[in-house]
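Here's the structure we're looking at; comments come further down.
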Amino acid sequence: MEKQDILKIGDHKFNSRLFLGTGKFNDLDIQSRAVEVSGTEVLTFAVRRLNLENPHEPNFLERLDLKRYTLLPNTAGATTAEEAVRIARLAKASGLCDMIKVEVIGDPRTLLPDPIETLKATEILVNEGFTVLPYTSDDPILARKLQEVGAHAVMPGAAPIGSGLGILNPHYLRFIIEEAKVPVIVDAGVGSPADVAYAMELGADGVLLNTAVSGAKDAVLMAEAMKLAVEAGRKGYLAGRIAKKRYASASSPMEGLVESLEV
Ligand SMILES: CC(=O)[C@@H](O)[C@H](O)COP(=O)(O)O
């Protein structure tokens, strides 16, 4: 029987390794169908998009059967550690989840994370008992330091958020993955199923994406493609790819063939 391949983040366990962002869907029906076919178990959303004062006010999560998903609130909109911590505390006080995706943006044009503020916020929130998943750049040293202060996963970007550029620096991503003691979830910038499969083949533990699905011509079909890409990439990684060689090696070896023909 096939062994179960479970992803563990803190005390949370998941069968699916695809995390979906919910921020960019315009059509709630398409969103819920895309979420369904993606097989995801984790949905992330910006806390500032919810009206926490009045949880009954209609919001973009209302069409989903939320009992089936783990909600991963994120601190989108924060530009300092202080803001991120405040947003995280608000999410916890509203009973959303003990997990928080720390997102502290350092530049409005590239939307790259601020490494210093991200590290600060991560340390504070870990000490307050959150399960913390920081969105980070593809810097292996920062990924290490985030783990040293207790991050429960690290989420390096493949490329700038919403760019669809795919994995810009597989080499550094591999450094992060090789050294990681916690799950590595590639977050942001993937554009296609090929990017996602590549991330998983490199050894990432999961992928978080939004734009590649919400912006696709057929978002539902793309969500299914992403599910399959995560699964294919993961299996490919576990199976172990062949080494790359400079020269050919024949698929049908000729050795022994002449003798047998001569008989
Ligand atoms: C860090 C961040 O905001 C990402 O999680 C984003 O939500 C998804 O990025 P893409 O839209 O590029 O997939």
Side-chain angles (χ1 to χ4, degrees), residues 7 16-25 31 34-35 37-40 42-44 72 74 76 101 103 105-115 118 133-143 146 153-180 183-244:
L7 169 63
S16 165
R17 290 169 182 270
L18 176 61
F19 293 18
L20 267 195
T22 55
K24 285 188 179 162
F25 287 90
Q31 180 189 40
V35 168
V37 301
S38 74
T40 189
V42 181
L43 295 171
T44 180
L72 173 58
N74 67 57
K101 185 175 123 177
E103 225 180 288
I105 298 302
D107 173 61
R109 194 168 58 94
T110 59
L111 297 182
L112 289 171
D114 182 317
T118 300
L133 296 78
Y135 161 61
T136 171
S137 63
D138 57 18
D139 175 359
I141 309 303
L142 178 59
L146 287 165
V154 286
M155 307 186 87
I161 297 170
S163 68
L165 286 170
I167 299 176
L168 294 183
N169 197 338
H171 202 64
Y172 281 14
L173 211 48
R174 216 189 295 253
F175 285 157
I176 295 176
I177 290 164
E178 276 169 6
E179 207 187 288
V184 177
I185 312 293
V186 170
D187 176 12
V190 295
S192 71
D195 299 335
V196 168
Y198 186 28
M200 296 304 292
E201 278 193 65
L202 287 174
D205 296 279
V207 174
L208 191 158
L209 59 89
N210 182 347
T211 313
V213 165
S214 60
K217 206 157 62 180
D218 184 335
V220 179
L221 190 57
M222 187 57 86
E224 188 183 3
M226 292 304 192
K227 169 184 193 266
L228 297 173
V230 166
E231 289 172 5
R234 177 68 180 170
K235 287 191 180 182
Y237 168 71
L238 294 174
R241 61 154 293 141
I242 59 165
K244 292 185 182 177

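Values below: every heavy atom of this structure, side chains too, minus hydrogens, waters and symmetry copies.
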List the atom pairs, with distances to 0.1 Å, where a side-chain N or O of residues 155-164 and a protein N or O form a donor-acceptor pair under 3.5 Å, not counting sequence neighbours.
{"unit_1": "Ser163", "atom_1": "OG", "unit_2": "Pro160", "atom_2": "O", "d": "2.7"}
{"unit_1": "Ser163", "atom_1": "OG", "unit_2": "Leu165", "atom_2": "N", "d": "3.3"}

Determine, step by step, whether Met226 and Leu209 satisfy the side-chain contact (heavy atoms from CB on, under 4.5 Å) criterion, reporting the C-alpha distance in whole Å, the side-chain angles of both residues, the deciding distance to 0.1 Å, and the verdict.
-> CA-CA 9 Å; Met226 292 304 192; Leu209 59 89; 4.0 Å; yes

Report the C-alpha separation of Ile185 and Val207 in whole Å, then their side-chain angles, then the decisive distance to 0.1 Å, and conclude whether the side-chain contact (heavy atoms from CB on, under 4.5 Å) test is met.
-> CA-CA 5 Å; Ile185 312 293; Val207 174; 5.6 Å; no

After noting the C-alpha distance and the side-chain angles of Tyr237 and Asp205, does the key distance pass the side-chain contact (heavy atoms from CB on, under 4.5 Å) rule?
-> CA-CA 10 Å; Tyr237 168 71; Asp205 296 279; over 6 Å; no

Going through the distances and angles, do Val42 and Ser16 end up as a side-chain contact (heavy atoms from CB on, under 4.5 Å)?
-> CA-CA 8 Å; Val42 181; Ser16 165; over 6 Å; no

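Contact annotation: the side chain of Pro183 approaches that of Leu7 to within less than 4.5 Å [non-hydrogen atoms, C-beta and beyond]. Contact check for Phe19 versus Val186: no side-chain heavy atoms found under the 4.5 Å cut-off. Looking at heavy atoms from C-beta onward, Glu224 lies in side-chain contact with Leu221 at the 4.5 angstrom threshold. Counting heavy atoms from C-beta outward, Leu43 and Leu72 have side chains that stay 4.5 Å or more apart. Using a 4.5 Å cut-off on side-chain heavy atoms (C-beta onward), Asn210 and Phe25 make contact.
In the model, Asp114 has no side-chain atom that pairs as donor or acceptor with a side-chain atom of Thr118 under 3.5 Å. Using a 3.5 Å distance cut-off with no hydrogens or angles, the side chains of Lys227 and Ser38 do not pair a donor with an acceptor.
Rounded to the nearest 0.5 Å, atoms CG (Leu18) and CZ (Arg234) are 14.0 Å apart. To the nearest 0.5 Å, atom OH of residue Tyr135 and atom CG of residue Leu112 are 5.5 Å apart. In this structure, OG1 in Thr110 is found 3.5 Å from CG in Asp107, a value given to the nearest 0.5 Å. For the atom pair Glu179 CD and Ile141 CD1, the distance stands at 7.0 Å (nearest 0.5 Å). With rounding to the nearest 0.5 Å, the separation of CZ in Arg241 from CD in Glu201 is 7.0 Å. Taken from CD1 in Ile167 to CG in Asp138, the straight-line distance is 10.0 Å, to the nearest 0.5 Å.
Listed here is the closest heavy atom pair of Ile176 and Ala143: CG2-CB, 3.8 Å. Contact record, Lys24 with Ser214: CB-OG, 3.3 Å, taken as the closest heavy-atom pair. Summarising the geometry of Ile177 relative to Gly203, their closest heavy-atom pair is CG2-O, 3.5 Å, with the distance given to 0.1 Å. The heavy-atom pair separating Gly21 from Leu208 by the smallest distance is N-CD2, 4.2 Å. Closest heavy-atom contact between Gly191 and Ala212: O-CB, 3.7 Å. Residues Ala34 and Ala223 share a closest heavy-atom pair of O-CB, 3.3 Å.
Each of Leu20, Asn74, Asp187, Thr22 was compared with Thr44 under the side-chain contact (heavy atoms from CB on, under 4.5 Å) criterion, and only Asn74 meets it.
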